[in-house]
Each structure stands twice: as C-alpha cells, then as structure tokens.
Amino acid sequence: MKKIYYLMAMAMMAFTFTSCEDVPEPFGQPINPNQSEETIDPAGDGTAASPYNVAAAIAKCKEVGEAGSSEKYYIKGIVVEGGEIPAGDTYGNITFKIADTPTSKNMFMAYQVFGSEGVHLPNGYKVEVGAEIVLYGPIVNYKNNTPETQGKGAAHIVTINGKPTGGEEPTPSGEAKAVSVADFLKAAVNTTDFYQLTGTVKNLKDGDQYGNFDLEDATGSVYVYGLLSEKGGEKKKFQELVAAKGIANGKKITIIGNRGEYNSNPQVTNAYFVKIEDGEGSGENTGAAKGTGTKADPFNIAAAIAKCQEVGETASTEKYYIKGIVVKGGKASGGYGNVTFDMGDTKESTELFKAYQVAGTDGAKLADGYEVKAGDEVVIYGPVVNYKGNTPETTGKSAAQIVTINGKSTEDNAGGGESGGNGSDVSGNEITIVFSTLGFENAAEMTKITLTDGTTLTFDGGGNTNTPKYYNTGTNIRIYAKNTMTINAGSKKIATIEITCDTYNGTIYNASGDVTANGTKMTIDGSLLKSTGLNESKVTIANTSTQTGAPSQLRMTQLKITYAN
C-alpha cells in the first residue's frame, strides 16, 4: 500500500511540473519529507502596503484561472527554490519559487521576472534560497495547476531582503581596478570584477530614489544603475547619500561597481559611492551667478542655469541674453538650419547649459555643416526652460539664436563645417550620412530624416515593440527585427546603398546579414552591407532576422547613397 501511495505522489508531482514547458524545470525531484503540513491562512490585499502572502497569491491565481489577471499585485514570500541567469542569456529575467515558510509545500512560481523597476538582470545573477522577496505583477494559474506570475518580464522583483535588485551588497573579489569609462565599456559583463570610475554626474532626475544617472569622463559616458551603498561604510539609500554627500548633476564623484548590461546597453551595476572629488580638477563651477540677462549685461552660465531652475519645465515667455564658452561643440545638419551645443562658464566646466536647436544671427537659417567648436565664446538670445526638470537649455526649433561667436555674427563667422554637410560628395551623385553628426538625443525614436538633397529616410517598427532608435553608445541607429527604413529619393534614382554597421565588444551588429533592400538580400562584407544596381527612386531596407538579442540587431553608424547618373 505504501508503494502505491508513493507512486501516486510521484505521478502527481510530475503532472504539476509540466507548467511553463518552455523553460527547464527540476523534474523528478523526490518530495521532501520535512515539508510543512501546516495550514497558512491567506493574508494581505495585494497592495504595496499589504502584499499577498503566498497562500493568498495562490488563492487569487485559482480565482483568475488560466486567463490570468489584468491587474497587478504585490506578493511576499521566502525563496524555497532559487534561480540563476545563465551565461549567454539575453532576456534578463529569472525564475524561482517562493513559499510562506522555508518548509512549506505550497509554492508560488516567480516566472521570468525582471529586476526592480523592470530592469533586466545581468548574466550570473542569483536568487538564493532563504531570501525574502516582494514581487509585483499580473498572475495566472498556468494550466490550472501552477500559480505563477505571467512570464516574459510582465512581473518584476520589488525587493530582495528589503533592497531593490542592484542594491544588494556585492562581495568584491580583490581590489577594484581604476579605469576610464572607455576601458570600462570594453570590459566583459560580469558581477565578480570590480572597477573604480571617476566622472561627472549627468542626467540625474530631481528626487531620484535609486541613484540612476550617467557618469561622464573625458573618454565617454556610462549609465549607473542604482548607487545605493557606500563602500567601506554603512549602506545608505540614495537620497540619504544625496543629503550627506551633496551628489548632484555636475558633481565629480568616484564610484566602484561591476560591468553590467541592459538591452545591450552597458551600465554600472552593484555600484558603491566612494567620494566626491573636490579641489583641483574637480570640474565644479565655483563662480557666482552674474548678469541680468540683457544685451548689455548677459547672464553667465551659472545665472542662466539658475533662471532655468526658476522657470521650471514650462518655457519662459521672456527672452534672455546668455554668454559662455562652448564645452561641447555641434554642427548644423538635416536641413533644419539650427545647431545644438553645450556651454559653460569655462571650457572645463561640468555645470552646463545646452544651446538647443539655435538659429544663426537674427534668426538666420544655418547651412548644413555650420560648426560651433569647443572653446568658442558665444552669446545667445532666446527663451529658456529646465527640460524635464534636469536640463537647462534654450527652447528648441530655432526659438533662440546665436548673437555672436567670438564677437562676430554667424554670417561673418564661417564656423568651420565642411560644405555640403553630412559628408555629401562634391560630385553631386552621392551622399553619405554619419548619424552621430545629426544631433539626436540618446534613445531618440526615429520617424523621419530629411537629407540635405531632399531625400528622406522614413522608419517603421513593423509590428515590433522595439522601434528604430538612435543611441549614443556606438552612435548608431538601431533597426530591430521587423523594423524598416524606407529611402525616398523623389525624382532621383538610387543606384547603390551601403550601410556601415557598428562593432561593439567584438560583435558586428549587422543582423547576421538578414537585411534586404526591396526584398533582395544585401551583400555582406564584415561591417558593410551593400546593394547595387537598384535603379529605384524608393528603396525599403528591412531587418528580416528571426533571431534574438545581438544577432538580430542592425546598428547603422553610416549610410551612403549613390544615385544613378
């Protein structure tokens, strides 16, 4: 009789573990004789203040059934079966099981959950048995026998042992290696090697609770995900660090962290705050705000930033004169007649004001290729805004203008850009577009680009939720699987198209060669995709890849179009 009961128990367990058959499951594990038979009453209402316990989450799953819930719930439990993201994984989610007690047999599956705030988790990330977890997301009773979160990152971890993912204290292996941002970006993704980085805080949002911002040095910029701890001291929430250390945009700081990645974008994870870099070379502005914003007495950059913070996210109706030194130059392109560049009170300033889409003197339209260079002394005039509460700048679309560059009007100051802009060939039968010169913001969604010769590039997602975007990392436009780019030359005929693809960490992002031009596969030569003999006025470039992750992405750094004679 005992043998029959045992066989029945094994059969029931095998049936239970057929849920989520598209991921590996621990089939055939014997029942733990120490598992608790105690009855845990359902508790909680599924809110952040009162999460469901596992008993309540299981009951809710049985209520919503196989269709799953449209509502999202908070669920709290103890990890009884851990999980780990394997090397080479590109999805960034993790699966594990929780219960109300460490020995409870009533388990809830956290299925394919992302990290805190929906952030992808790095390869090698582990959830250990015994950890206390809070989850948030929609739920389902999979095949009416497995209570779980809905998969594919629909749910995420809120906290592990009271801290968001990325806020757990890592265990360094050896001393952290001091590197530049450029060298950090070349490092392999892992959670064992620690790197020390020093740079300027950028794009930190007011009131940020988690410590997410860009860290920039002379070699590049990298995203910091979750600066929540202080190395060698008591761990602090980010706002406590802000209050204690004065972390803010423009501050130069040193941190330690791992090389992580999210959606193929590099980031610093498990980051520790080390110190504020004061004194010589800190890059901090020490000058007071000066000027009244008039033509006779322009604002300096400190005063312009203060004015932006005063007017907030709604642009000013008044116009102001602002004077400063160009820290990061820019070039007019795309036929819009304006240019974007960054200004400081000195060339080394890190507290910057963005001259955003400013026209030439007296509102004149700037020719493509007109360049404003680092070190130029510039006076601008126009309305201002604190964009998204963290970027002091002029209102865009040529609402502001350059008054003088180095004391001269833009008409008298040729700027230094090359004739034709965007790399146009002087022969007139071809044009080369370098996307990094077009002044796009990071992660800008691509819709339409008009070239200097009137040819247009129109982008479409093709049904993919990932639509074409421009990214500063690699300075490329990313064309994901199913995305398209249609080139319309109007009355001209396109003979040849050449696409130069980005190479990152040794990988050439050419969608594995699965790219077509008007339905015909483009030839591939390393980082170069090419179609010849087209003789069409309109050509649609399509990413037809059926793969996932890096092999499916086309990242274009440059496009060359040759027209038929």
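- Residue Ile402 holds its CD1 atom at 8.5 Å from CD1 of Ile380, rounded to the nearest 0.5 Å.
- For Lys202, the NZ atom counts as densely surrounded, since its 6.0 Å shell holds more than 12 non-hydrogen atoms of other residues, nucleotides or ligands.
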Apply the test side-chain hydrogen bond (donor to acceptor under 3.5 Å, both in side chains) to residues Thr456 and Thr450: give CA-CA distance (whole Å), side-chain angles for both, the deciding distance (0.1 Å), then the verdict.
CA-CA 4 Å; Thr456 60; Thr450 302; over 6 Å; no
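- Between Asp217 and Thr198, every side-chain heavy-atom pair lies at or beyond the 4.5 Å cut-off.
- No donor-acceptor pair closer than 3.5 Å links the side chain of Arg259 to the backbone N or O of Pro266.
- Under the 30°/60° scheme for interplanar angles, the aromatic rings of Tyr195 and Phe184 are found to stand perpendicular.
- Cation-pi geometry between Arg478 and Tyr509 is not satisfied (NZ or CZ under 6.0 Å from the ring centre, within 45° of the ring normal).
- The shortest distance between side-chain heavy atoms of Ile541 and Met522 falls below 4.5 Å.
- Side-chain contact between Tyr223 and Asn212: present, with at least one pair of heavy atoms (C-beta onward) separated by less than 4.5 Å.
- Side-chain contact between Tyr470 and Ile449: absent, with no pair of heavy atoms (C-beta onward) separated by less than 4.5 Å.
- In this structure, NZ on Lys482 lies 10.5 Å from OG1 on Thr546, to the nearest 0.5 angstrom.
- Between the side chains of Asp297 and Thr292, at least one donor N or O sits under 3.5 Å from an acceptor N or O.
- Remark: side-chain polar atoms of Ser316 are paired, donor with acceptor, to backbone N or O of Val384 under 3.5 angstrom.
- Judged by distance alone, the side chains of Asp376 and Asn406 do bring a donor and an acceptor atom under 3.5 Å apart.
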Carefully, step by step, assess Thr391 and Tyr356 under the rule side-chain hydrogen bond (donor to acceptor under 3.5 Å, both in side chains).
CA-CA 10 Å; Thr391 306; Tyr356 181 58; over 6 Å; no
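- Looking at Asn464, its side chain does come within 3.5 Å of a backbone N or O of Ala481 through a donor-acceptor pair.
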Derivation of the side-chain hydrogen bond (donor to acceptor under 3.5 Å, both in side chains) call for Ser545 and Asn543:
CA-CA 6 Å; Ser545 177; Asn543 182 347; 4.5 Å; no
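- Applying the 6.0 Å contact sphere to OH of Tyr387 captures no more than 12 heavy atoms from other residues, nucleotides or ligands.
- With contacts defined as side-chain heavy-atom distances shorter than 4.5 Å, the pair Met343/Phe341 qualifies.
- Within 6.0 Å of atom CG in Asp362, 12 or fewer heavy atoms from other residues, nucleotides or ligands are found, so the atom counts as exposed in its surroundings.
- Among pairs with a residue in residues 515-537, those fulfilling side chain to side chain donor-acceptor pair (under 3.5 Å) read Asp514-Lys521, at least two apart in sequence or across chains.
- Judged as a side chain to side chain donor-acceptor pair (under 3.5 Å), the pairs with a partner in residues 393-405 (not counting sequence neighbours) are, in order, Asn338-Ser398.
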